[in-house]
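The block underneath contains the structure these notes are about, expressed in structure tokens.
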Number of protein chains: 2
Amino acid sequence: MPDTSVKMDTPDIYDDLHRKLVTAQFDHGEKLKSEELRQIYGCSANTIREVLFRLSTVGLVAFEEQRGFRARRTSPERQHDLTQFRILLEQEGASLSMRHGDIEWEARLSAAHHKLSHIESEVRRSGTVEPVLPLWSNAEWEFHDTLISACNSPLLRETYKTIYDQFRQQLVSRASNYGYYGDNVKEHRAILDAALARDEALCRQHIHDHLARNLIGVT
Amino acid sequence: MPDTSVKMDTPDIYDDLHRKLVTAQFDHGEKLKSEELRQIYGCSANTIREVLFRLSTVGLVAFEEQRGFRARRTSPERQHDLTQFRILLEQEGASLSMRHGDIEWEARLSAAHHKLSHIESEVRRSGTVEPVLPLWSNAEWEFHDTLISACNSPLLRETYKTIYDQFRQQLVSRASNYGYYGDNVKEHRAILDAALARDEALCRQHIHDHLARNLIGVT
DNA sequence: AGCATAATAAATTTTGAAATTACAAGATAA
DNA sequence: TTATCTTGTAATTTCAAAATTTATTATGCT
């Protein structure tokens with residue numbers, strides 16, 4: 001909880017709320033009242049309004065005219081939609097990166113995977129994710145973002161980020177079961193190898209398999 | 001220009017500015033000053049600020065912290081990016097629609113094309129686009145949106161709309177040359193036929209050919 | 001008791017002005 | 001002359017309070 005005595009400016013408040021939202025510190029559909037937040041951050045209602053507005057543009061917050069803001073509620077249908085869309089973007093981004101990426105890109109991807117796999121093996125050893133959750137969460141993002149980073153399409157990359165953040169918003173909650181991570185290690189490895197081999201079809205396949213697990217239980 | 005004496009509410013101001021932006025009534029990169037717009041629409045600077053914020057979320061307006069808003073500047077690079085991304089989304093949306101769409105979808109697509117081709121043939125006869133430009137602009141949008149409307153992915157459809165609007169923002173300006181429309185008629189027909197025949201590969205090809213013309217002159 | 005209606009409370013939105021920040025032109029120093 | 005600093009102006013951003021709208025509770029009627 002931020003100190004009430006320290007005044008934060010708009011970007012800081014944005015970052016703080018963004019972090020809280022993607023780490024599921026609000027319930028799905030929970031009302032975000034200007035007045036409450038105003039007191040927490042020590043600013044005017046208008047500033048809060050603007051921050052929530054910005055957050056609504058990246059899908060983390062839902063806005064309804066005349067009735068304020070809520071933490072985004074993710075239905076199974078929406079989750080399905082998010083997953084399919086993410087697969088589309090990551091496959092395309094990876095394909096383009098494999099075509100345009102140079103040795104520098106390969107190095108960055110390799111490095112990102114190295115960090116990620118280091119954290120994942122620690123999770124494996126300890127059997128629990130909790131202690132390194134923020135670390136792991138960032139490393140996972142780094143890997144996927146680096147994968148598509150040479151796609152040469154700012155639009156695709158930005159769109160992917162907004163989708164990913166909404167994804168993360170609820171992945172954190174199901175992160176407690178370990179089996180998830182066991183497969184993750186293998187899958188990230190498979191994606192990396194295919195990417196470095198510039199095998200587009202195979203890489204697309206692995207990306208699909210990796211992400212499609214989130215579809216289980218949804219039609 | 002809206003009457004200064006008539007007060008408009010936020011959604012109206014949004015619509016008015018949105019329309020002006022997609023019909024290129026502002027120069028690329030032109031500064032959008034709160035104070036000026038405030039006087040035009042007869043509201044406070046804060047209301048203008050909120051509207052401009054909303055427009056910035058759909059890419060029509062660029063916002064920079066502490067230095068206000070500008071009409072979005074579209075470089076050749078960005079135009080290239082927009083085109084490629086639009087191709088990706090429309091191809092995927094059309095493919096999904098062909099898989100999920102029922103007879104009702106076919107009927108709507110057929111109707112949209114009928115309206116569009118009627119307007120396009122008028123353009124052909126008269127040799128000029130100007131008189132029916134708004135009509136044509138809407139019909140074109142209707143056709144493309146209907147094409148992907150059965151994709152069963154709200155995310156894809158929303159994203160497509162924001163991309164399309166940014167597209168339209170500058171297509172209007174190059175709409176004056178007639179040759180453009182001559183090919184358009186054939187291309188829309190080709191897309192329609194392939195879609196109704198549920199030939200995904202062919203439809204993707206036609207979508208690409210139709211949209212890729214905008215890439216001419218850009219690397 | 002059930003339902004509609006009115007009164008109250010709570011929250012959102014807008015306003016107008018104050019405070020902050022960026023921009024531009026002129027002055028001073030190197 | 002070039003570069004840096006100052007000063008004045010214009011624009012953006014924040015604030016606190018008023019006005020509007022929505023939600024909640026209480027009241028009266030069938």
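Quantities reported herein were computed from a predicted structural model and do not represent experimental measurements. Throughout, a chain's letter reflects where its sequence line sits, starting with A, and its residues are numbered from 1. For the numbers below, each heavy atom of this structure counts, side chains included, while hydrogens, waters and symmetry mates do not.
For the pair A:E35 and A:R38, the salt-bridge criterion is met [side-chain N within less than 4.0 Å of a carboxylate O]. No salt bridge links B:D81 with B:R78; every basic N to acidic carboxylate O contact stays at or beyond 4.0 Å.
Using a 4.0 Å cut-off on heavy atoms, none of the residues of residues 48-63 of chain A approach DNA chain D.
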Worksheet entry | Residues A:S117, A:H188; criterion side-chain contact (heavy atoms from CB on, under 4.5 Å); working and verdict | CA-CA 8 Å; A:S117 91; A:H188 284 144; over 6 Å; no
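Dashed line: the shortest gap from a side-chain N or O of B:T10 to OP1 or OP2 of C:dT13 is not under 4.0 Å. Contact between the side-chain N/O atoms of A:K31 and the OP1/OP2 oxygens of C:dA11 is not found at any separation under 4.0 Å. The phosphate of C:dT15 (OP1 or OP2) has a side-chain N or O of B:T47 nearer than 4.0 angstrom.
Checked by atom type and distance alone, the side chain of B:Y164 pairs as donor or acceptor with a backbone atom of B:W141 at under 3.5 Å. A donor-acceptor pair under 3.5 Å is formed between the side chain of A:S149 and the backbone N or O of A:T146.
The side chain of A:C43 approaches D:dC15 more closely than any other nucleotide in the set D:dT12, D:dC15, C:dT15. Among the nucleotides D:dC15, C:dT12, C:dG16, the one closest to the side chain of B:S44 is C:dG16.
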Expected rows: protein N/O vs nucleotides 18-24 of chain D N/O, under 3.5 Å:
none

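Residues in residues 83-116 of chain A take part in these ring pair (Phe, Tyr, Trp, His ring centres under 6.0 Å) pairs, two or more places apart or across chains: A:H113-A:F143.
A perpendicular orientation is assigned to the rings of A:F69 and A:F53, their planes being inclined by more than 60° (bins at 30° and 60°).
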